[in-house]
Amino acid sequence: MKRQHQTLVIGIGNQKGGVGKTTMTIQLAYALAEQGHKVLIIDLDVNAGSTKHLGIDPRAYLGTFEVLLGDEDPLTAIVTHEDEGHSLPESLHLLTGSRKLEELEERLRAKKSKFDDTPLHDVLKPVIKKLRGYYDFIFLDTPPSAPLPIVAAYKAADGFLLVAIPEGLAIQGLQEALHDIEEVRKYGNPDLQLVGLAIGAVDARTRLSRELIAYVDKEFKEYVLKPVIQRSTIIPTAQTQQKSIFQTHPDHAITQCFRDMAQEFKAKIARFFDRQTFDEVDHG
Ligand SMILES: Nc1ncnc2c1ncn2[C@@H]1O[C@H](COP(=O)(O)OP(=O)(O)OP(=O)(O)O)[C@@H](O)[C@H]1O
Ligand SMILES: [Mg+2]
């Protein structure tokens, strides 16, 4: 692998559970990989949502846990298309999540020298530093309720992509996430940008969907990624098969929506980070 990319590290978030974080991470990553970009997903979830969704057994590889503990080099631990037993696209790589992340905080505390005053939640920063340059995008798939990995993602990311699906606490979750971004900007990551808000599982006939769309169009106007993704059975079906819809339904209208959303995502990034558009980047 060559260190030739201008890497952007994007946290995917909303601390609420089951709001579409992993779905959005996987499908956007696939879309971007298809569009010629190099993408790494770092799975920070004890439930290893992204890892399982990509058809990889979380117990099979050393991953995020060992890397964060400093026991493993991130570039060695990354899973690629060259590893057997699954079908990752060539430009989509993964650092696997696992159940062991449950012990992360305790193990980091036990390991820490009494002379080391680095805060625990800065644990992801040196890992990202080693990985910068190898990818166009590094996506951090965050867990719903593990404070250390979530805060570590906020501290290490360049930008945050919020996700929501129309369910009871969606709006509250977005408000809390916005508040957290403000706080992180005050405490340790002043450059963290909100880069977009991606909405999934919309069914325009339901009251919750209409309320959520009306709310985000008003409060997050310039951030909402269009198109919003409609509710469709192809998403849980692909998830059950541990595949992306880019593999199971490459020609479906929803898959096309993710391609369009990925383009919109790049346009937003170009705007918020004052960068050239990604399609001008030479990947030669
Ligand atoms: N567009 C969609 N259509 C239908 N179902 C969807 C859609 N988007 C997401 N879902 C479903 O919503 C559920 C939650 O999605 P997902 O696992 O991506 O959320 P999450 O935020 O990562 O959850 P967790 O917090 O548990 O990690 C899944 O069952 C998924 O299949
Ligand atoms: Mg998840």
Side-chain angles (χ1 to χ4, degrees), residues 10-31 41-56 58 63-64 94-99 101-102 139-154 160-174 176-177 180 196-206 208-210 212-213 216 224-250 252-262 264-265:
I10 305 290
I12 312 283
N14 190 336
Q15 289 88 317
K16 299 285 177 226
V19 293
K21 295 182 290 289
T22 298
T23 304
M24 212 48 90
T25 305
I26 297 291
Q27 312 307 346
L28 266 188
Y30 255 84
I41 296 174
I42 300 185
D43 191 344
L44 288 162
D45 190 356
V46 295
N47 289 316
S50 280
T51 306
K52 290 181 196 156
H53 203 139
L54 290 169
I56 295 166
T64 310
L94 172 77
L95 199 52
T96 58
S98 76
R99 195 39 66 199
L101 282 163
E102 246 164 16
F139 283 150
L140 311 173
D141 183 15
T142 61
S145 57
L148 179 61
I150 293 174
V151 179
Y154 275 121
F160 238 77
L161 175 67
L162 294 184
V163 297
I165 60 177
E167 45 87 9
L169 297 170
I171 290 176
Q172 188 195 333
L174 288 176
E176 285 172 15
D180 285 348
L197 169 57
I199 309 285
V202 170
D203 178 346
R205 298 165 306 175
T206 67
L208 273 176
S209 286
R210 288 187 184 212
L212 179 63
I213 300 287
V216 299
V224 181
L225 297 183
K226 293 289 169 69
V228 300
I229 306 295
Q230 304 297 311
R231 176 170 288 281
S232 164
T233 54
I234 71 164
I235 301 248
T237 303
Q239 211 167 13
T240 312
Q241 294 174 21
Q242 302 202 308
K243 287 198 158 75
S244 158
I245 57 171
F246 284 75
Q247 295 165 292
T248 60
H249 299 81
H252 196 281
I254 298 274
T255 315
Q256 187 54 43
C257 284
F258 277 106
R259 292 187 182 102
D260 296 344
M261 188 186 251
E264 168 102 354
F265 171 71

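Throughout, residue positions are numbered sequentially from 1 according to the sequence presented. Order of appearance sets the numbers: ligands from 1, and atoms from 1 within every ligand. Quantities reported herein were computed from a predicted structural model and do not represent experimental measurements.
With Thr96 contributing its side chain and Thr51 its backbone, the two residues share no donor-acceptor pair below 3.5 Å. Checked by atom type and distance alone, the side chain of Glu264 never pairs as donor or acceptor with a backbone atom of Leu225 at under 3.5 Å. In this structure, the side chain of His53 engages the main chain of Lys243 through a donor-acceptor pair within 3.5 Å. Thr206 places a side-chain N or O within donor-acceptor distance of the main-chain N or O of Ser209, the cut-off being under 3.5 Å. Of the possible polar contacts, none joining the Asp43 side chain to the Leu95 backbone as a donor-acceptor pair under 3.5 Å is found. Using a distance-only test at 3.5 Å, with no hydrogens or angles considered, a donor-acceptor pair links the side chain of Arg210 to the main chain of Ala204.
Remark: among candidates Ala201, Ala238, Gly200, the nearest residue to atom 7 (C) of ligand 1 is Ala201, based on non-hydrogen atoms. The nearest non-hydrogen atom to atom 6 (C) of ligand 1, considering only Asp45, Thr23, Ile235, comes from Ile235.
Side chains of Leu54 and Ser244 form no contact here, defined as non-hydrogen atoms less than 4.5 Å apart. Between Asp180 and Gln15 there is a side-chain heavy-atom pair separated by less than 4.5 Å. With a 4.5 Å cut-off on side-chain heavy atoms, Val163 and Ile12 count as touching. At least one side-chain heavy atom of Ile26 sits less than 4.5 Å from a side-chain heavy atom of Ser50.
The proximity of Asn14 to ligand 1, defined as any non-hydrogen pair under 4.0 Å, does not occur for either the backbone or the side chain. When heavy-atom distances to ligand 1 are checked against a 4.0 Å cut-off, Gln239 comes that close only through its side chain, counted from C-beta outward. Of all the heavy atoms of Met24, none lies under 4.0 Å from any atom of ligand 1, so neither backbone nor side chain is involved.
Ligand 1 has at least one atom lying under 4.0 Å from a heavy atom of Ile229. At least one heavy atom of Ser232 sits closer than 4.0 Å to an atom of ligand 1.
Numbered from 1 in the order shown, with element, the atoms of ligand 1 that lie under 4.0 Å from a heavy atom of Gly18 read 14 (C), 19 (O), 20 (P), 21 (O), 23 (O), 24 (P), 25 (O), 26 (O). The Gly20 neighbourhood of ligand 1 comprises atoms 15 (O), 16 (P), 18 (O), 19 (O), 20 (P), 21 (O), with distances under 4.0 Å to a heavy atom of that residue. For ligand 1 and Gly17, the ligand atoms under 4.0 Å from any heavy atom of the residue are 25 (O). Atoms of ligand 1 lying under 4.0 Å from any heavy atom of Thr22, numbered from 1 in the order shown and given with element: 18 (O), 20 (P), 22 (O). Close approach of ligand 1 to Val19 (heavy-atom distance below 4.0 Å) involves ligand atoms 19 (O), 20 (P), 21 (O). Those atoms of ligand 1 that come under 4.0 Å of a heavy atom in Pro144, given as number and element, are 25 (O).
Atom 20 (P) of ligand 1 has its closest protein heavy atom at Lys21 N, 3.5 Å. Atom 12 (O) of ligand 1 has as its closest protein heavy atom Ile165 CD1, 4.0 Å.
Using a cutoff of 4.0 Å between basic side-chain nitrogens and carboxylate oxygens, Glu167 and Lys16 are not scored as salt-bridged.
In this structure, Tyr154 has its ring center closer than 6.0 angstrom to the ring center of Phe160.
Any protein N/O/S atom under 2.8 Å from the Mg ion (ligand 2) was counted, giving 1 altogether.
Each of Asn47, Asp141, Thr142 was evaluated against Thr22; a single residue qualifies, Asp141, per the side chain to side chain donor-acceptor pair (under 3.5 Å) test.
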